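These notes are about the structure you will find just below.
Below, chain A is the first sequence line, B the second, and so on; all start at residue 1. As the structure is a prediction and not an experimental result, all values here were calculated from the model. Because only heavy atoms are used, hydrogens play no part in the values below, and waters and symmetry mates are left out as well, while side chains stay in.
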Amino acid sequence: MKGERGASAPEARVTLPPEESTLDATALTSLPRGRALLEPHRIALMAVAAGIVFCAAWFMRWDWLPQYAGAIASGVGVTLLMLVSTSLLGFFFAVPIALVQVTGPWWLSLPAQGFCTVIRGTPLLLQLWLLYYGLGSLFPQFPEIRQSFLWPYLREAWPYGVAALTLSFAAYEGEVMRGAFAGVPRGELEAARAYGMSRWKLFWRIWLPRAVHRALPTLNGETVLQLKATPLVATITVIDVYAVISKIRQVTYLTYEPLLLLALIYLILTALLVAAFRYFEKRIPTRSA
Amino acid sequence: GAAAEPLKVGFAAEPYPPFASPDASGNWEGWEVEFMQAMCKQAKLECVITPVAWDGIIPALTSKKIDMIVGSMSITPERLKTIDFSDKYYNTPTGVIGPKSEKFAATPEGLKGKTIGVQVATIHQDYATKYFGGAGATVKEYQTQDEVNADLAAGRLDAVQADAIALDAFLKSDQGKQCCDLKGNVKDDPEILGAGVGVGLRKGDTELKDKINAAIKAIRADGTYDTFSKKYFDFDVYGG
Amino acid sequence: MTERAEAIAVRDLYKRFGALEVLKGISLTAREGDVIAIIGGSGSGKSTFLRCINMLEVPSRGSVAIRGEEIALRSDRLGGLTPSDRRQVQRLRARLGMVFQSFNLWQHMTIIQNVIEAPVHVLGVPKAEAIERGEALLRRVGLFDKRDVYPAFLSGGQQQRAAIARALAIQPHAMLFDEPTSALDPELVGEVLGVIGDLAQEQRTMILVTHEMKFARNVASHIVFLAHGVIEEQGPPEQIFGDPKSELLKKFISSSH
Amino acid sequence: MTERAEAIAVRDLYKRFGALEVLKGISLTAREGDVIAIIGGSGSGKSTFLRCINMLEVPSRGSVAIRGEEIALRSDRLGGLTPSDRRQVQRLRARLGMVFQSFNLWQHMTIIQNVIEAPVHVLGVPKAEAIERGEALLRRVGLFDKRDVYPAFLSGGQQQRAAIARALAIQPHAMLFDEPTSALDPELVGEVLGVIGDLAQEQRTMILVTHEMKFARNVASHIVFLAHGVIEEQGPPEQIFGDPKSELLKKFISSSH
Amino acid sequence: MAADMINWSLLALEPPGWGGVLLAGLMNSIKIALGGYSLGLVLGTGGAFGKLYGGPVLRDLMEVYTTVVRAVPELVLILLLYYAGTDLLNRVSAALGYGSVDISGLAAGIFVIGVVQGAYSTEVLRGAILAVPAGQIEAARAFGMSPLMIMRRVTLPAMLPHALPGLSNLWLICTKDTALLAVVGFSELTLVTRQAAGTTKAYMLFFCAAGVLYLLLTLVSSLIIRVIEARARRGWAAR
Ligand SMILES: Nc1ncnc2c1ncn2[C@@H]1O[C@H](COP(=O)(O)OP(=O)(O)OP(=O)(O)O)[C@@H](O)[C@H]1O
Ligand SMILES: Nc1ncnc2c1ncn2[C@@H]1O[C@H](COP(=O)(O)OP(=O)(O)OP(=O)(O)O)[C@@H](O)[C@H]1O
Ligand SMILES: [Mg+2]
Ligand SMILES: [Mg+2]
């Protein structure tokens with residue numbers, strides 16, 4: 001918001017990249033592409049990797065796998081459901097949160113800023129427990145709530161998981177979108193006004209898509225982070241893939257095998273996410289790409 | 001073995017009253033703590049309490065982060081595949097509690113359609129899954145017993161199955177008194193419910209196992225066991 | 001000279017930014033078919049004047065009428081003016097084709113999407129028709145083969161031509177150009193000036209702010225020289241360049257070679 | 001002309017980038033006090049030649065000697081050459097003052113820190129002494145009052161003068177300039193050329209690549225015209241500019257006005 | 001009924017209040033965060049230079065490291081590294097005849113957080129190094145600096161302003177990631193909070209208290225970061 005309106009300092013010859021483009025360490029868009037895999041040293045490395053996988057498959061215990069395959073699959077389903085629903089919901093909240101910070105009056109932007117600070121400043125695990133064990137244990141003390149139609153849902157764990165993950169995503173995404181909104185060149189917005197667009201149309205046709213486009217790589221990273229945050233819901237009895245694997249671990253007393261499988265599952269999910277985002281990024285090519 | 005160093009005794013880091021829970025000064029208290037102290041004293045072992053998450057307590061043992069588990073861990077065939085156990089040091093029935101307002105029995109029929117909470121990776125989970133889950137109840141797993149109790153009080157559960165003593169302690173607490181009562185003990189199934197609670201040990205650590213077995217026998221014989229047990233229970237926790 | 005209709009009429013326009021009074025009473029009428037070039041030193045308020053016409057800047061005093069319809073302004077709490085009817089402003093803007101110095105093409109849309117955006121979403125032209133007309137315009141500015149390319153992949157000159165096509169696509173009553181070539185490398189200037197020159201030949205109403213004196217002389221029907229926030233001198237190009245009266249204008253012309 | 005010592009001697013230098021052979025056998029000797037200007041069309045290899053002298057580019061063939069000491073090169077696995085003794089290269093570089101087209105001042109250091117960096121950390125001059133000499137040099141290029149300012153806050157001309165001071169600070173055997181003014185706005189060029197002109201007057205050994213023909217003519221003792229990777233023509237300025245022999249040079253001179 | 005039942009004495013510093021325990025937990029969290037972050041920086045610097053200047057094999061291995069670590073949830077990594085890491089160490093030392101080594105929870109926690117942080121800092125630092133204009137390094141070479149000196153005198157300080165925003169972000173992530181060590185029973189702030197809450201049943205109170213402590217940590221860190229950034233950005237004109 002600051003540097004955007006006033007004239008830039010006249011002597012600024014070397015400028016640093018704006019904050020939000022600071023090489024997002026979380027963005028995973030640089031996975032190798034097809035043909036590059038065929039370089040000789042890569043083939044050697046892949047052979048080594050294959051050897052490791054083979055050893056893992058051969059010397060470790062995997063006999064439990066068939067028995068739990070169904071549970072794992074449904075766990076993956078829950079994880080994905082959590083990811084998709086909270087990302088979409090969170091994004092839905094993030095847009096207004098970001099927008100009021102860029103253009104809103106202080107009595108809207110200040111609370112939005114506070115919200116982002118508080119959520120980003122505390123561990124998600126703690127937020128989750130606060131909602132579930134803290135807030136959730138207060139509800140039943142009110143008969144009105146117990147009697148209401150909401151109660152069957154409030155009894156469940158997933159609404160708290162969804163709420164916590166959504167709030168968290170909204171806060172992180174709010175920051176990203178704030179940068180993205182502020183970073184849309186003013187001239188393009190002005191052009192939209194000059195062509196007679198109403199504020200609403202300007203927002204939907206120009207500002208939002210342009211900001212999302214700018215933010216896509218960061219959004220990708222944030223979504224991967226969100227995927228990685230989903231296992232926390234296992235601590236409040238939502239049976240996602242992490243919970244399934246924990247249970248397998250505790251039933252079979254195997255330390256590594258289930259965890260390795262879990263890591264593999266998350267790797268694959270991440271790869272899928274990255275591929276999906278890459279598809280969207282490619283639809284609007286940028287110069288540097 | 002490394003006699004010079006104190007033995008690290010793994011306790012579940014989460015509170016499990018009245019067996020083991022930390023107080024604000026970081027001291028652990030409870031029946032199991034006193035048992036452990038008496039046993040170590042008897043066996044002339046130097047022991048220190050090492051809290052470990054219940055979830056990772058067996059890997060902690062096998063990767064030598066701790067040397068034994070005193071964590072109300074029931075001796076089951078499945079666990080015996082991975083670790084070793086001393087002789088049992090207590091054995092208690094398994095109970096089911098529920099809200100006062102609802103009347104039902106601790107049987108598959110009584111729990112039909114209800115949501116029943118258990119601590120994950122316990123014998124109770126296996127039992128509930130087999131007998132109640134099979135008969136139309138929903139079994140919900142928690143990381144700690146404490147959370148199971150909290151959720152029952154919060155009305156998110158219709159019933160909790162657990163160790164009768166742990167349940168008793170909960171029913172005596174402020175929260176438990178208000179909300180819930182005992183619905184009865186479940187029918188025994190030694191195959192699942194096991195042969196009591198023993199000290200978890202690494203396989204092959206026979207020297208330690210012998211010492212501990214001897215110590216348990218000794219404190220049972222000389223009355224130490226009964227002395228500290230009386231502080232907590234009005235019956236014989238050693239069981240039949 | 002027959003009396004043509006007024007396309008744009010600005011009366012007694014003032015504009016201040018805080019303590020700085022940039023425009024101090026400017027009146028100017030552009031009739032249909034006029035090509036008015038605004039020249040003047042840097043900071044003399046040329047851009048501000050142009051932006052006041054379509055209310056991108058709201059004047060502090062004075063009035064602007066587009067095709068005889070005056071834009072309704074009312075005083076706001078801060079003592080300035082503000083448009084009283086946002087819809088009116090939007091409606092009038094929708095028929096003023098503005099071309100910016102820095103093109104300001106929408107980067108997330110292809111060229112053709114840029115061109116049809118306003119016709120379809122502001123004026124409500126059916127999409128198929130808008131595309132057809134848009135393609136004709138792109139052909140005209142020599143960019144038909146770039147229709148599905150994103151702006152970032154075009155040269156500055158191509159981008160500016162696309163921006164001109166975008167402005168033409170709304171079938172504007174008048175075109176407003178704010179230094180359309182000054183962000184371009186010298187070798188790209190020509191292609192854009194060529195397109196604008198063609199438009200001038202068609203007797204399109206245009207107001208253009210420019211630094212290209214030679215171009216202004218060739219293309220404009222009327223030159224306005226702004227200095228210190230007022231119209232220091234105006235008239236047909238021959239008179240302004242051939243026989244400048246004001247000292248400031250003389251100095252300006254001699255320095256801009 | 002008395003026989004002065006050889007400052008820089010390049011023999012039969014070749015340089016290829018992949019398939020592109022940029023330099024095709026260049027020999028050039030600069031004696032102490034020579035001011036050699038290298039001119040030529042864009043892409044003719046001027047920069048490459050200059051960078052080969054201090055091994056920023058390693059030649060593909062040929063030799064370079066600084067004050068009679070030849071830089072030892074050996075063949076590498078890829079069939080090219082590579083310096084056999086990195087320390088020798090570093091030692092020789094430490095006495096060649098290079099001034100880049102884009103200044104390349106270290107942005108995280110103030111001007112005086114930039115100037116004393118190499119003397120202190122490469123040559124081991126005591127810091128106090130380096131600062132004293134550095135300040136004298138800054139005074140000389142007219143930047144004494146900017147000594148504690150970071151480069152980003154200086155104009156291009158000031159930055160380039162600071163870069164010259166930095167190069168002088170190592171008490172170089174020879175100075176190498178690669179188009180030292182072409183990244184500057186026209187009005188800043190003069191101040192930098194002034195400083196370089198002064199250096200030339202002092203009979204400092206210099207090799208400079210430049211596009212400023214007038215300047216080259218006034219300042220250089222010897223002009224080298226590169227074209228297509230070879231020295232197409234060379235000689236004193238009067239001859240090169242007054243009586244060019246080669247067609248290419250004639251064309252080049254007539255086009256660069 | 002809930003509001004008037006807040007028992008503030010539970011937060012007293014002296015037992016039976018739990019305030020002291022929470023603070024000790026916070027100290028533990030900070031220790032791990034500091035240790036893990038420093039280790040991460042070391043790994044990250046190595047990783048960045050390895051990725052930029054290493055041979056093809058080293059580069060690919062680094063890529064695998066950063067990709068895997070950034071794609072797998074910290075929770076899973078912590079479990080894997082915590083158990084497997086110490087297990088491996090034990091086996092190695094046993095094979096060398098030293099018997100089992102004792103790894104404190106603190107050391108293990110630092111190690112785990114460090115490995116995770118290392119992957120992220122690799123990327124941050126790599127990007128920052130890439131952002132240093134090539135001319136800056138070329139100028140250093142032209143003045144006869146050795147590669148090591150170039151890194152010390154030019155590359156590292158010049159990349160700092162580019163790296164700082166990313167690094168400060170990582171620090172904030174790091175302080176919060178310590179909460180995940182609760183799952184391995186390490187008594188950092190989150191676990192002691194859980195213990196206190198479980199024992200006293202005052203869930204709301206303790207979770208809020210811990211939240212405030214984390215928030216304070218974040219806010220104080222942000223202040224310090226701002227000072228550091230202002231210093232590092234001296235040479236750059238304000239935007
Ligand atoms: N939004 C604004 N806020 C404050 N001052 C402004 C604003 N816009 C323009 N000005 C000032 O108004 C004066 C006129 O600006 P304007 O852009 O209209 O000049 P111009 O004639 O277009 O100059 P140029 O040829 O450099 O584009 C300048 O002094 C400028 O700094
Ligand atoms: N590192 C490189 N890799 C490949 N080709 C290069 C490299 N450096 C220069 N070239 C090529 O070598 C040729 C000569 O380049 P050089 O920079 O020496 O020209 P120049 O005479 O300095 O031109 P200018 O006046 O434009 O600076 C050019 O065709 C250029 O593209
Ligand atoms: Mg202007
Ligand atoms: Mg060059």
Side-chain angles (χ1 to χ4, degrees), chain A residues 4-8 10 18 20-21 95 103 105-106 176-177 179-220 277-289, chain C residues 17 43 47 50-51 53-58 66 83 86-110 113-124 148-155 159 162-163 166-167 169-170 172 175-176 178 183:
Chain A
E4 148 206 31
R5 207 150 296 176
S8 62
E20 92 271 9
S21 79
V95 169
T103 59
W106 64 268
V176 173
M177 289 308 293
F181 277 130
V184 173
R186 285 187 70 69
E188 287 180 43
L189 300 182
E190 210 156 63
R193 287 207 285 140
Y195 286 104
M197 288 194 189
S198 64
R199 293 185 204 187
W200 186 246
K201 201 151 259 169
L202 179 144
F203 176 74
W204 281 109
R205 299 287 316 166
I206 309 291
W207 211 4
L208 181 64
R210 186 80 169 86
V212 170
H213 174 226
R214 276 176 66 92
L216 263 185
T218 323
L219 279 176
N220 183 2
F277 269 95
R278 211 184 254 173
Y279 170 78
F280 282 116
E281 277 170 46
K282 269 217 197 111
R283 291 192 39 182
I284 301 180
T286 43
R287 201 40 186 278
S288 58
Chain C
F17 294 109
S47 298
L50 206 69
R51 292 161 57 83
I53 292 177
N54 64 359
M55 294 288 139
L56 284 180
E57 304 285 359
V58 184
I66 313 286
R86 237 178 25 220
R87 280 167 199 287
Q88 184 203 25
V89 173
Q90 284 164 15
R91 181 165 47 78
L92 293 176
R93 275 178 182 163
R95 290 292 189 199
L96 288 174
M98 178 115 178
V99 177
F100 296 86
Q101 174 181 5
S102 46
F103 334 137
N104 291 343
L105 290 174
W106 296 307
Q107 301 284 326
H108 61 295
M109 300 178 180
T110 59
Q113 283 168 348
N114 262 284
V115 171
I116 66 169
E117 178 69 19
V120 172
H121 289 100
V122 178
L123 301 174
D148 293 322
V149 171
Y150 285 88
F153 294 89
L154 297 187
S155 75
Q159 288 194 49
R166 177 174 70 171
I170 58 172
M175 298 276 282
L176 308 175
D178 189 0

Q: Would you kindly check if the NZ (Lys) or CZ (Arg) of R166(C) is within the cone defined by 45 degrees around the ring axis of W106(C) and under 6.0 Å from the six-membered ring centre?
A: yes

Q | L105(C), part contacting chain A, at a heavy-atom distance under 4.5 Å | A | backbone

Q) Side-chain contact, heavy-atom cut-off 4.5 Å: H108(C) with I206(A)? A) yes

**Q.** Under 4.5 Å from a heavy atom of chain C, the part of P209(A) involved
**A.** both

Q | Reference residue F181(A); test side-chain contact (heavy atoms from CB on, under 4.5 Å); the match among V95(A), V176(A), V212(A), T103(A) | A | V95(A)

Q.
I need the residue from R95(C), R51(C), M55(C), R91(C) with the largest number of non-hydrogen atom pairs under 4.5 Å to chain A.
A. R51(C)

Q: Select, from A167(C), A163(C), P172(C), S102(C), the one with the greatest count of heavy-atom pairs under 4.5 Å involving chain A.
A: A167(C)

**Q.** Pick from M109(C), Q101(C), R87(C), R86(C) with the largest number of heavy-atom pairs that fall under 4.5 Å of chain A
**A.** R86(C)

Q: Measure distances from R199(A) to the heavy atoms of chain C and classify the residue's part below 4.5 Å as side chain, backbone, both or neither.
A: both

Q.
Show, in sequence, the C-alpha distance, side-chain angles and deciding distance for I66(C) and R93(C), and conclude whether the side-chain contact (heavy atoms from CB on, under 4.5 Å) test is met.
A. CA-CA 9 Å; I66(C) 313 286; R93(C) 275 178 182 163; over 6 Å; no

Q) Mind checking whether I170(C) and V122(C) have side chains closer than 4.5 Å, heavy atoms only? A) no

